[in-house]
Structures are given as structure tokens and as C-alpha cells.
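Basis for what follows: all heavy atoms, side chains included, without hydrogens, waters or symmetry-related copies. Residue numbering restarts at 1 for every chain, and letters A, B, ... go by the order of the sequence lines.
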Amino acid sequence: MPPLEVILQQAFNGLMLGVMYALIAVGFTLFFGVLDVIHFSHGDIFTLGAFAGLSLTFLWAAVGIGNPAVALLLTFLGALVLTGLIGVAAERACVKPLAKAPPLMTLLATLSLGLVIREAILIFYPRGADPKPFPAMLPQGLFEIGGVVIRYENLAILAIAGVAMVLVDLIINRTRVGASMRAVAQDAEAAQMMGVNLNRTVDFTFFLGSALAAVAGILNGLYYSEIHFIMGIMGGIIGFSAAAIGGLGNVYGAILGGLLFGVLQTLAAAFIPRGSEFRDVVAFAVVMVFMVFKPTGILGEKTIERV
Amino acid sequence: MIGVWAVELGLFVLVVAALLAERPIAVGLTVAAIGILLLAARTSPRLWGWVATAFRTHRAAALAGAAVLALALPFFLRASPYWTFVATMALIYVTIGQGLNVQMGTAGVINLAGAAFAGLGGYTVGLLTVRLGFAPWLAFAIGPLVAMVVGALLFIPILKVRGHYLALVTIAFGFIFNILMNNLEFTGGPQGIKNIPTLRLFGHAFTTAPTLFGVTLPSHANFYYAALAMAALVTWLAWRLYNSWVGLTLNTLRDDEIAAKCSGVSVTRHKLLAFSIGNLFVGLAGAFYAVMVGFVSPPDFDFGYSLVMLSVVILGGLDSIPGVVLGACLLIPLPERFRMLHEYRLLLYGAAIVLMLLFRPRGLWPAGVRRYGLGSPAGSFGAAGTRAEGVGVSR
Amino acid sequence: MSLFATRGLTVRFGGLTAVDHVDAGVEEGETLGLIGPNGSGKTTFFNAVTGLVPATGEVVFRGAPLPGLEPHQICRRGIARTFQASRLCLGLSVFDNVLIGMHTHVRCGLLEALFRRARMLSEVRQALKQAAHLLSLFNADLVDRGFDPVGALPQIDRRRVEICRALAAQPRLLLLDEPSAGMSPEETVELMKDLQIVREEMPGLSIIIIEHDMFVIEGVSRRVVAFNYGRKIAEGTFAEVARNEEVREAYLGRGSGTEGSARA
């Protein structure tokens with residue numbers, strides 16, 4: 001048994017991964033909740049968010065915005081909006097036209113769209129094949145508490161992710177558009193009859209989910225100090241896994257699933273022999289166990305199947 | 001009948017010319033000629049009607065003609081081992097495509113780990129021959145079975161969950177397979193397994209250049225003919241499967257699981273059956289690949305290839321057996337012919353699938369109505385005939 | 001002893017009781033009408049009987065209990081059904097849609113499909129003849145269009161194909177879930193004729209039919225059961241049930257005063 005502070009340290013590190021996974025997972029769960037689709041290019045939207053953020057930092061530097069806090073805020077806002085709009089475009093192109101087709105079609109179309117996005121970044125972003133260094137924009141430094149090292153940077157990441165999650169919760173539960181989303185999630189037809197604009201609601205859902213992926217993408221860049229065009233494959237699969245573990249359609253479940261996945265991965269990497277190589281194997285093995293014994297996830301999946 | 005052969009021969013000449021042309025302008029011209037001809041045939045109802053009717057009425061002759069041309073191809077490509085190799089790869093993808101098509105096209109069971117199942121077949125051959133000293137043919141026979149059994153073991157626990165979870169589990173499985181192959185000692189890690197012994201048939205090693213009718217062909221022609229036999233066998237089996245009760249049952253559970261259940265179909269059993277048959281075919285292709293190139297390594301079986309396999313089926317037409325053949329024969333050689341497009345290959349595949357799904361979801365060669373190979377025109381089971389016979393229903 | 005009977009059949013979705021201790025049965029060769037307002041649990045009753053939703057209580061069919069069986073096993077026992085919203089495979093041919101109904105009687109499997117073609121084909125030919133016969137009972141044109149996709153057919157013919165699919169299973173009990181749904185008055189008249197044909201051709205077959213159209217119910221069934229809020233509120237001849245106070249309230253009186261009494 002490793003000492004407690006080592007476990008705590010790893011759990012804290014896992015939490016860092018976990019909040020990023022959670023932000024991606026929330027997107028998956030929102031799309032599924034509202035439209036009953038798995039948006040498989042969501043992982044690459046996450047990559048796109050990171051690259052949008054990176055490009056914006058260059059832009060701010062070029063136009064001479066020196067204040068790091070202002071630059072950071074503008075980076076987030078710009079990437080959020082940009083990625084959100086791309087998410088809506090993806091939905092309009094690949095999800096909505098196939099709404100009446102078998103689910104397999106949407107799955108294949110979004111999967112292929114992800115491939116297109118990934119390859120487009122590789123080919124069209126300057127030297128896209130290389131990992132891109134991401135500037136450090138958060139306060140540096142660290143302190144120690146009970147043998148656990150905590151970096152200010154990491155606290156800031158947690159805070160940003162936390163704010164994003166609280167905002168999503170408020171949007172879903174306290175706003176008109178959130179009420180529309182919940183109504184459509186329950187019964188799209190009935191919601192429409194009650195005067196909900198289905199198209200607008202779906203668009204907004206994809207905007208929101210994709211914007212969250214952009215937050216995750218930038219946080220990912222800030223945390224690892226680099227981003228890479230293929231990070232969306234794993235990001236997407238893990239985000240989907242997290243949403244599935246938590247219970248598809250349930251936002252809190254997605255957050256829980258993301259945190260669980262992050263902590264699990266980190267602990268596996270730290271405490272299993274050659275764990276850093278096999279951490280994904282362990283994490284996916286857990287996913288499979290979940291699929292076998294609790295396929296509806298921790299907090300249950302919305303299941304409406306009409307006969 | 002002559003017309004059918006003329007069409008086939010004309011297409012064949014153009015394809016061989018396109019493959020062997022050296023100057024870019026010649027390549028462009030021949031490929032454009034093929035494209036324009038196909039487009040013209042497809043857009044002119046009269047022309048297409050004539051072609052379709054001719055091929056339907058002389059199906060045996062058409063198949064025989066195609067077989068002769070396929071057998072003759074290495075003679076025309078003998079100057080180029082490279083194109084013989086590419087043609088062989090296309091045939092391997094025909095085999096893979098038929099396997100995936102049984103799963104996704106016929107039964108609607110998604111499999112996003114095609115490359116991993118091919119890898120299971122390939123790695124099994126490598127491990128059994130190189131590490132354990134099995135006879136090549138024995139290992140080659142076991143490889144596909146391993147792919148099938150592992151697939152079933154993966155599948156059984158998740159039979160009851162909904163389709164998108166299967167997508168997740170197969171993607172995850174594909175990655176786990178790759179991570180394991182990369183990191184385990186006995187699979188050779190990133191280097192993979194080298195020096196897989198080649199097959200021998202009647203004392204003739206597949207690596208020796210064959211001489212047929214006094215013409216010496218490149219050694220790859222051995223594998224071309226073997227792959228042709230494999231692809232033909234698998235396509236034939238897939239055709240029979242499709243035109244049977246099993247094909248009908250799988251189609252029904254794909255289209256409406258509840259209706260299938262209430263018609264007495266055991267959904268779990270049939271999904272498992274489709275998944276297993278598909279993985280058997282895919283594993284067979286993987287084993288063949290391992291024997292052909294003589295080594296296996298993780299990058300040969302990564303997620304990107306799973307997507308390429310998917311594109312073959314979607315481009316050709318989900319559930320369409322001839323469509324899969326067409327899809328493989330287009331998708332595999334085209335990027336090789338246009339090397340300048342090679343960098344954009346995956347981008348174009350992805351875009352092609354998206355566009356196909358949006359605008360032509362049934363593929364280039366859509367699946368027809370199932371006729372069970374009875375070859376009878378509609379109405380032969382007409383009311384008049386049956387009333388006379390008075391077949392009873394349950395009383 | 002009746003062919004089919006339920007005792008205390010109950011289906012709960014969370015806090016909602018969709019079917020509440022229903023006792024119902026049908027004799028051999030009888031047609032039972034099942035009526036009730038929207039959401040009164042009629043379809044859920046069918047779903048429970050066919051094993052699509054979990055239920056408690058007893059279901060006895062041909063002297064054996066059904067609960068615990070999978071839907072496909074229940075079909076094998078001899079219960080076939082249609083669905084309110086058609087569940088045909090629209091891309092498959094008319095013949096294919098009927099042939100799948102014969103699934104439980106098919107002898108040839110994978111081995112025959114791949115390697116013993118002659119045996120399988122003779123079975124398929126036989127099945128096609130039987131399908132053609134069934135289709136021709138309703139509409140001879142359907143046989144000529146046997147290799148057309150079902151999606152190309154008009155609504156009434158789709159319904160006929162669905163009924164043929166259910167009949168192809170050679171069931172002892174046929175469950176028809178609102179066959180007239182989505183049809184014009186003219187088509188409904190046609191449908192009634194079709195149901196009479198089924199009645200004449202298969203006198204031994206028991207049928208339970210859910211209908212909103214009282215005209216259809218009156219025409220095809222002698223005995224009627226009425227549902228409301230998941231409970232059986234009346235049973236008897238059509239005339240008796242139609243006169244029943246609670247039934248009239250369930251259908252007509254939805255005012256504040258009457259609702260309470262309907263629940264009571």
C-alpha cells in the first residue's frame with residue numbers, strides 16, 4: 001500500500017484530467033439527451049477548440065494585448081464562440097439531415113466528419129503533424145499541503161472548469177432555452193406542440209456542448225503545455241466513455257463519470273507496474289465492466305422506446 | 001452475351017491502361033474516360049437499362065467473363081510488381097468488406113475495430129509460426145478463428161446493450177489491442193513480429209516467381225491468385241448468406257428489433273452470429289496480409305484502417321455484396337494511382353463517406369431486393385398459380 | 001378452459017401503474033375487442049403479454065404460464081401481433097416482410113444456407129407460395145408486387161402485409177393493435193372486410209383487437225373489454241359495454257365531477 005499522501009497526490013492529478021473529461025462528457029450527454037444521437041466528431045471538436053484557442057493567443061500577441069488575464073479571457077471567449085459555431089455547423093451538416101435515418105447513419109457520418117476535421121488540422125494547420133506548444137497563461141508557483149503538492153495553475157484550471165460546469169447547470173435549469181432543452185429531451189414532439197422551437201433548441205444544445213469542448217481543449221493545452229491534432233480521438237472516446245459510465249443523458253452523471261475516469265486512469269498509471277503504458281487499458285476495461293453490469297450508467301440513462 | 005463481354009473487356013482495358021500509364025496526362029485521360037463512361041451509363045436511363053438487362057439475363061456469362069479477366073490481370077501487370085501488390089490489397093479489402101458488411105450492412109451491428117480483428121488474425125499467424133513454430137497453413141487457419149472467438153467473447157457480455165455502446169466498446173477494444181501489441185514483450189512491441197514464413201502449395205513457395213503458360217510473373221502474383229480465391233470464396237459465401245433465411249432474419253433485426261423479436265427471432269443469437277461471421281472474414285484477411293508481407297506491427301492495424309474498412313462498405317453500398325467489391329476496387333487503388341493525393345487520402349475518405357451518407361446513403365451499387373437466387377421474375381408466385389394449388393394456412 | 005387468460009396482470013413504470021390487475025381471457029376461435037381512451041393501458045397490456053415489458057401476475061396460454069419468457073419464445077408458443085405504428089421493414093420486399101413471420105417454422109439454418117442450397121431453396125419456394133396465398137386473401141395485387149419494397153405500398157396494403165406477417169407465424173392467438181390507426185373511413189371499411197376474411201379463413205384462431213373505431217369493434221367482436229387508467233372497467237357484449245356508465249364517462253365525461261367517479 002503506497003503512503004496516503006502519494007495516493008492523494010495522484011488523486012488530485014486525476015482530478016485535473018477528470019474535469020477536462022467531464023467537460024467533454026457533458027457535451028456527449030447533452031447531445032444524446034436532446035437528440036438521441038452520439039456525436040462522434042465531438043472529440044475532434046475538442047481538438048478544434050484547443051487549436052482555436054492557440055491561434056487566438058497568437059492573434060492577441062500580434063495585436064499587442066499584453067495583459068495575460070485579458071488575453072486569457074479573450075482566448076476563452078473567442079474559442080468558445082468559434083468552436084460553438086463549428087459545432088452547430090457540424091450538427092447542421094451531419095446530424096440534422098440524418099435525423100430520420102437509422103442511428104447507424106448518424107454514427108458513421110459524425111465519425112467520418114471527425115476524421116475530416118482531424119485530417120484537416122493535420123494538413124492545413126502550419127506543421128500540423130507536430131505537437132504544438134501551448135503558452136503558459138496561468139499563474140505559476142506551488143504550495144504544499146499535507147505532503148500534496150498543489151500548483152496554482154492547477155487550481156486555476158479546476159476553478160475555470162468549475163465555473164463552466166456551474167454555468168451549464170444554471171443555463172439548463174434556470175433559463176428559457178434550458179427549459180426548452182429539457183422539454184425536448186423528454187419528448188420532442190410534445191415540446192414542439194407546446195411552442196418550443198426545435199431547431200433553435202438543437203442548435204443551442206450543440207453550441208453549448210461544443211463551447212464546453214473548447215473550454216476542455218484550452219484547459220488541456222494549459223495543463224500539458226502542448227496540443228496535438230490527434231488528441232481528439234482519445235479525448236472523444238474517453239468523453240463518451242465518461243458520459244456512458246455516468247448515464248447518457250444525465251449531466252451530473254457525465255461530470256461524475258469524467259472525474260471517475262480521470263482519477264482511475266491516474267491511479268492506474270501510478271500504481272500498476274508499467275501503468276503509464278496500460279492506463280488506458282485499465283480505464284477501458286472498467287468501461288466494459290460497466291457496460292456488462294450497469295449499462296445504464298451510475299445515474300441511469302433516459303430510455304424512451306415506444307412500441 | 002457478346003455485348004456483356006465487350007463491356008467487361010472495354011472496362012478492363014481502360015483500367016489496365018489507367019494503372020500502367022506513366023505520364024500524368026495519360027493517367028488523367030484514362031481515369032477520366034472510365035469516370036465519364038460510368039457516369040454516362042448511369043445518367044442515361046436507356047443505356048443503363050440496356051447494360052443492366054444484359055448483365056441480368058447473362059449473369060453466368062458475365063461472371064465467367066469477369067473471372068477470366070481477373071485471372072488474366074497479373075499477365076498485364078507483370079511489368080509492375082507494385083500494381084500486382086495493390087490489386088492484391090484491393091482483394092484483401094474485398095474480403096474485409098464482406099465481413100464488415102455482414103455485420104453492419106446486413107445485421108446493423110456496428111464494428112469500429114475492423115483493423116483490430118484483422119490484426120488478431122495477423123498476429124495469431126505471426127505468434128504461432130515465429131514464436132511457437134506452427135506450420136504456416138495451420139497458423140493461417142487458426143488466425144481467423146481467433147479473431148472470431150475473441151470477437152464473440154467481447155460481444156456476449158454486451159449483447160443486451162444498445163447499439164451506440166457497441167460502437168464505444170469496439171473503438172475501445174481497437175485501442176486496447178493496439179496498446180497491448182505496442183507494449184507486450186511477446187508480441188514484439190512496436191517492432192512487431194518479423195520473418196513470418198510464407199505459405200507453400202504443392203511444394204511451390206509463394207515467394208518464388210511463378211511461371212504460367214511460359215510467362216514468368218512477379219512473385220506477388222502468387223498472392224494475387226490466392227487473394228482472388230479468398231475474396232471469391234468469401235464473396236460467394238456472403239452472397240449465399242444474404243440470399244437465405246439468415247440474411248432475411250439479420251435484415252429484419254437491423255430494421256426493427258422489436259418486430260423481429262415478436263416474429264420469433266432470437267435477437268441476441270443472430271447478432272452474435274453476424275458478428276462472428278464478419279470477424280471470421282476480417283480475421284482471414286488479416287492472416288493473409290501477415291503471410292503476404294511477412295511481418296505484422298501495430299501501425300498496420302490502427303484505428304485509421306478501421307475507418308478505411310468502413311469507407312469501403314459505405315461507398316459500395318451497405319448490405320450490397322457487389323457494392324463491397326466495387327468499393328474496395330475503387331478505394332484501394334485510387335489513392336495509389338494519384339500519389340499527389342496520398343497526403344489527403346484519409347481526408348478524402350472521410351469526406352466521401354459523409355457525402356455518400358448524406359446524398360447517396362445506399363452507396364454506389366445499392367443492394368437489390370432479395371430474390372434468394374431463385375432468379376424468378378416478380379409475379380411468378382402469382383395469385384393464379386397458388387390458388388390452383390391451394391396451399392393451406394394454419395387452421 | 002380458455003385458450004388464453006391473464007390474472008392480476010400488472011405493469012408498473014416507476015410510480016405509474018399502466019396496467020392494474022387485469023383479468024382477461026379469450027376462448028378458442030373468439031374475437032375479443034379491447035377499448036378504452038388513450039393511455040388507458042391497452043397497448044401496454046399487449047406489450048406485457050408479448051414479453052416486451054416486464055409484468056407481474058399470471059398469464060396462461062394453452063395451459064402453460066408465459067411470464068419470464070422472452071418475446072421470441074412467446075411467439076414460438078403461438079402468439080403473434082401487429083403494432084399500432086406499423087413496424088414493417090420498409091426497405092425489404094413484401095414477400096420478405098411476410099416470410100420473416102414464418103421464422104419460427106423455418107427448418108433450414110446457416111449450414112443449409114451456405115452448403116445445402118437445394119434444400120433451403122425448396123423451403124423458400126414453399127414459404128413464398130404460402131406468403132402469396134396469404135397476401136392473395138386480401139389483395140391479389142400484393143402478390144404481383146411481392147418483390148417490391150413495402151415502403152412503396154399505400155397505408156392499407158402495409159397494414160395487410162403486417163397482418164399477413166403475423167398470420168404467417170401460424171399463431172393460435174393474434175393480437176391486433178389498432179389496425180385502423182391512420183386510415184381513412186373508406187380504408188377502414190376495407191380493413192373490416194379483411195378482418196372478416198381472416199375470421200372465415202381461420203375459424204380456430206383467437207383474436208384480441210384494440211380499436212378506437214367503435215364501428216370496427218361492433219363489426220368484428222362479440223365480446224368487449226373496456227380499459228381505463230390501466231384497469232378493466234367493463235366486460236360484456238358490445239351493447240352492454242357501450243351502455244356501461246363508467247365506460248361512457250371514460251370516453252365522454254371528462255369533467256371534474258365525473259373524473260373522480262371514473263377513478264373510484
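Separation of atoms CG (A/Leu111) and CZ (B/Phe303) is listed at 5.0 Å; rounding is to 0.5 Å. To the nearest 0.5 angstrom, A/Phe240 atom CZ is 5.0 Å from B/Leu168 atom CG. Rounding to the nearest 0.5 Å gives a distance of 8.5 Å between CZ of A/Phe278 and CD1 of B/Ile179. Note: A/Ser112 OG to B/Leu355 CG = 10.0 Å, rounded to the nearest 0.5 Å.
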Tell me which donor-acceptor pairs under 3.5 Å the side chains of residues 24-32 of chain A have, and how far apart each pair is, sequence neighbours excluded?
unit_1: A/Thr29; atom_1: OG1; unit_2: A/Gly249; atom_2: N; d: 2.8
unit_1: A/Thr29; atom_1: OG1; unit_2: A/Asn250; atom_2: N; d: 3.4

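In this structure, chain B has heavy atoms under 4.5 Å from both the backbone and the side chain of A/Ile237. Only the side chain of B/Leu307 comes within less than 4.5 Å of a heavy atom in chain A; its backbone stays farther off. With a threshold of 4.5 angstrom between heavy atoms, B/Ile156 does not approach chain A through any atom at all. Heavy atoms closer than 4.5 Å to chain A are found in the side chain of B/Leu154, but not in its backbone. The contact between B/Tyr344 and chain A is made by backbone and side chain atoms together, counting heavy-atom distances below 4.5 Å. The contact between A/Ala93 and chain B is made entirely by backbone atoms, counting heavy-atom distances below 4.5 Å. Contact annotation for A/Leu98: only side-chain heavy atoms (C-beta onward) come within less than 4.5 Å of a heavy atom of chain B. For chain A, the nearby part of B/Leu318 is the side chain; its heavy atoms alone come within less than 4.5 Å.
Counting only residues at least two apart or on different chains, the salt bridge (Lys or Arg N to Asp or Glu O under 4.0 Å) pairs with a member in residues 83-94 of chain A are A/Glu91-A/Lys96, A/Arg92-A/Asp203.
When B/Gly304, B/Pro361, B/Pro157 are compared by the number of non-hydrogen pairs under 4.5 Å with chain A, B/Pro157 comes out ahead. Listed options A/Asp280, A/Leu108, A/Val287 were ranked by heavy-atom pairs under 4.5 angstrom with chain B; first place goes to A/Leu108. Contact count versus chain A (heavy atoms, under 4.5 Å) is highest, among B/Asn183, B/Leu357, B/Ile353, B/Val354, for B/Asn183.
Counting non-hydrogen atoms of other residues, nucleotides and ligands closer than 6.0 Å to CZ of B/Arg360 gives a total above 12.
B/Ile314 places none of its side-chain heavy atoms less than 4.5 Å from the side chain of A/Met105. Side-chain contact between A/Ile233 and B/Phe175 is present, with heavy atoms from C-beta onward closer than 4.5 Å. The shortest distance between side-chain heavy atoms of B/Ile171 and A/Phe40 falls below 4.5 Å.
Residues of residues 116-132 of chain A lying under 4.5 angstrom from chain B, judged on non-hydrogen atoms, are A/Val116, A/Arg118, A/Glu119, A/Ala120, A/Ile123, A/Phe124 by number. Interface residues of residues 252-272 of chain A toward chain B, defined by a heavy-atom distance below 4.5 Å: none.
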